[in-house]
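Here's the structure we're looking at; comments come further down.
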Amino acid sequence: MICNLCPRKCNATRNKTYGNGFCRCESEMKISRIAPHLWEEPCISGENGSGAVFFAGCTLKCVYCQNYEISHENNGKYYTENMLADKLRELVDSGVHTIEFISATQYIDKLIKTLDIYKPAIPLIYNSGGYESTDTLKKLKGYIDVYLPDFKYSDDSLAKRLSKCDDYTQTTLNAINEMLIQKPKLTFDDNGIIKSGVIIRHLVLPNHTINSIGVLNLIKENFGKKALLSLMGQYVPHGKAENFEDINRRITQREYDKVLKELIKLDLDGFAQELESADKSYIPQWDY
Ligand code: SF4
């Protein structure tokens, strides 16, 4: 295949053994972990967890990625569409409340084929770095119930330095807009599990509260209360973060409170993590 699936538009050659795009992914679907995951927002995990499918490789590759071993090093196991469909059945049988596809952009066509074989009757969540092409997102219409994009940067120079993106901010605004066109209404079941809608995540980075405040303001200006916001304070230096002095520490309570204060001032709806969440034990064990 020639790949232009994400906004990087690499025009890359991808076949069974080779991929020369930014993500370095081959054409075969590669997955790093499939298991119930308990640490998402309460409306996603509930009591039994979300069935999380972590895809190998990433179109963003942030230097500090908490999942560095799979996003940068592409570690995982190859799955056919039928194999993944079987795993989705197992997850549903285990009693999870939702199924979550994490960083699936580079395999989107195969994910859709999988869902044509078996579409679980529980909410399907598309968890993404936010940097998505609207044309590719349109392919997911009718397959996905809840979009869970990150909105990482309001400062494109920071996006360029940490995620090698020249155009992160506007591209992500456009992507979230498309997600809201597809899923404009937030709905929940009687147990508070989300059935439909968009939740935007923002991870606060150390020394970059101005970036975070910019993100919150862009969300307010562009989307108002149509989406929920999930503010995350769980940053721990990981991956190549030690090479970047500004992000080589956890965030302080003072930094988090400053961003939280802006969230309250803007009257955005959603969730805010406790700072105690900043612990590497929340990073899954990659058993492939
Ligand atoms: S999915 Fe990978 S190969 Fe395709 S355009 Fe994006 S980074 Fe390039």
Side-chain angles (χ1 to χ4, degrees), residues 1-34 52-81 84 100-116 124-141 143-144 147-153 156-179 182 201 203 239-240 286 288:
M1 69 185 281
I2 298 297
C3 184
N4 290 298
L5 280 172
C6 82
R8 298 206 185 263
K9 298 208 183 305
C10 304
N11 217 30
T13 301
R14 294 175 58 187
N15 60 35
K16 282 189 175 182
T17 56
Y18 172 81
N20 67 357
F22 176 86
C23 64
R24 313 303 298 180
C25 292
E26 300 93 350
S27 58
E28 299 308 285
M29 192 160 52
K30 204 174 189 185
I31 294 174
S32 309
R33 182 178 162 89
I34 303 177
V53 182
F54 291 87
F55 289 86
C58 182
T59 58
L60 267 181
K61 297 193 182 190
C62 309
V63 296
Y64 51 84
C65 181
Q66 312 290 289
N67 300 339
Y68 190 90
E69 293 79 1
I70 66 169
S71 61
H72 285 245
E73 294 168 3
N74 294 17
N75 293 321
K77 198 174 114 182
Y78 294 110
Y79 277 72
T80 63
E81 292 88 339
L84 179 55
E100 200 180 351
F101 303 112
I102 301 166
S103 290
T105 313
Q106 60 277 18
Y107 306 111
I108 216 158
D109 292 328
K110 292 192 182 277
L111 174 61
I112 288 169
K113 280 186 192 158
T114 303
L115 296 176
D116 283 336
L124 301 183
I125 299 175
Y126 188 78
N127 177 333
S128 135
Y131 189 62
E132 300 279 359
S133 134
T134 50
D135 286 344
T136 298
L137 285 174
K138 282 180 181 148
K139 296 183 182 190
L140 289 173
K141 193 172 176 191
Y143 289 95
I144 294 299
Y147 284 100
L148 184 61
D150 292 334
F151 194 168
K152 297 171 185 288
Y153 310 108
D156 274 336
S157 63
L158 190 63
K160 188 170 174 59
R161 194 159 68 86
L162 301 181
S163 302
K164 296 196 181 76
C165 288
D166 288 322
D167 56 350
Y168 180 90
T169 306
Q170 189 57 51
T171 302
T172 301
L173 283 170
N174 295 345
I176 295 174
N177 195 48
E178 171 60 29
M179 294 172 191
Q182 290 182 31
R201 281 180 168 172
L203 176 68
K240 289 185 182 158
W286 306 115
Y288 315 127

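Every number for a ligand or one of its atoms is a count from 1 in the order of the listing. All values below were derived from every heavy atom in this structure, side-chain atoms included, with hydrogens, water molecules and symmetry-related copies excluded. No experiment lies behind these values; they were computed from the predicted model shown. For reference, positions follow the sequence shown, starting with 1.
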Heavy-atom donor-acceptor pair, Asp156 side chain to Thr169 backbone, under 3.5 Å: yes
Main-chain N/O of Glu26 paired with Thr17 side-chain donor or acceptor, under 3.5 Å: no
For [atom], which protein heavy atom lies nearest, and how many Å away is it?
atom                    : result
atom 6 (Fe) of ligand 1 : Cys6 SG, 2.4 Å
atom 1 (S) of ligand 1  : Cys3 SG, 3.6 Å
atom 2 (Fe) of ligand 1 : Cys23 SG, 2.4 Å

Worked check of side chain to side chain donor-acceptor pair (under 3.5 Å) between Gln170 and Asn174: CA-CA 6 Å; Gln170 189 57 51; Asn174 295 345; 2.9 Å; yes
Any side-chain donor near an acceptor of the partner, Tyr168 and Ser163, under 3.5 Å: no
Short side-chain donor-acceptor distance under 3.5 Å, Asn127 and Glu100: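 Result is yes, a qualifying pair exists.
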Side chain, backbone, both or neither: the part of Ala12 lying under 4.0 Å from ligand 1 by heavy atom: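 Near ligand 1, Ala12 shows its side chain, while the N, CA, C and O stay back.
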Heteroatom test (N, O or S) for Cys10 near atom 8 (Fe) of ligand 1, limit 2.8 Å: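 Yes, since at least one N, O or S atom of Cys10 sits under 2.8 Å from atom 8 (Fe) of ligand 1.
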List ligand 1 atoms under 4.0 Å from [X], heavy atoms only on the residue side.
X     : answer
Leu5  : 4 (Fe), 5 (S)
Gly21 : 3 (S)
Thr59 : 1 (S), 6 (Fe)

Electrostatic pair Asp150:Arg201 at N-O distance under 4.0 angstrom: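 No.
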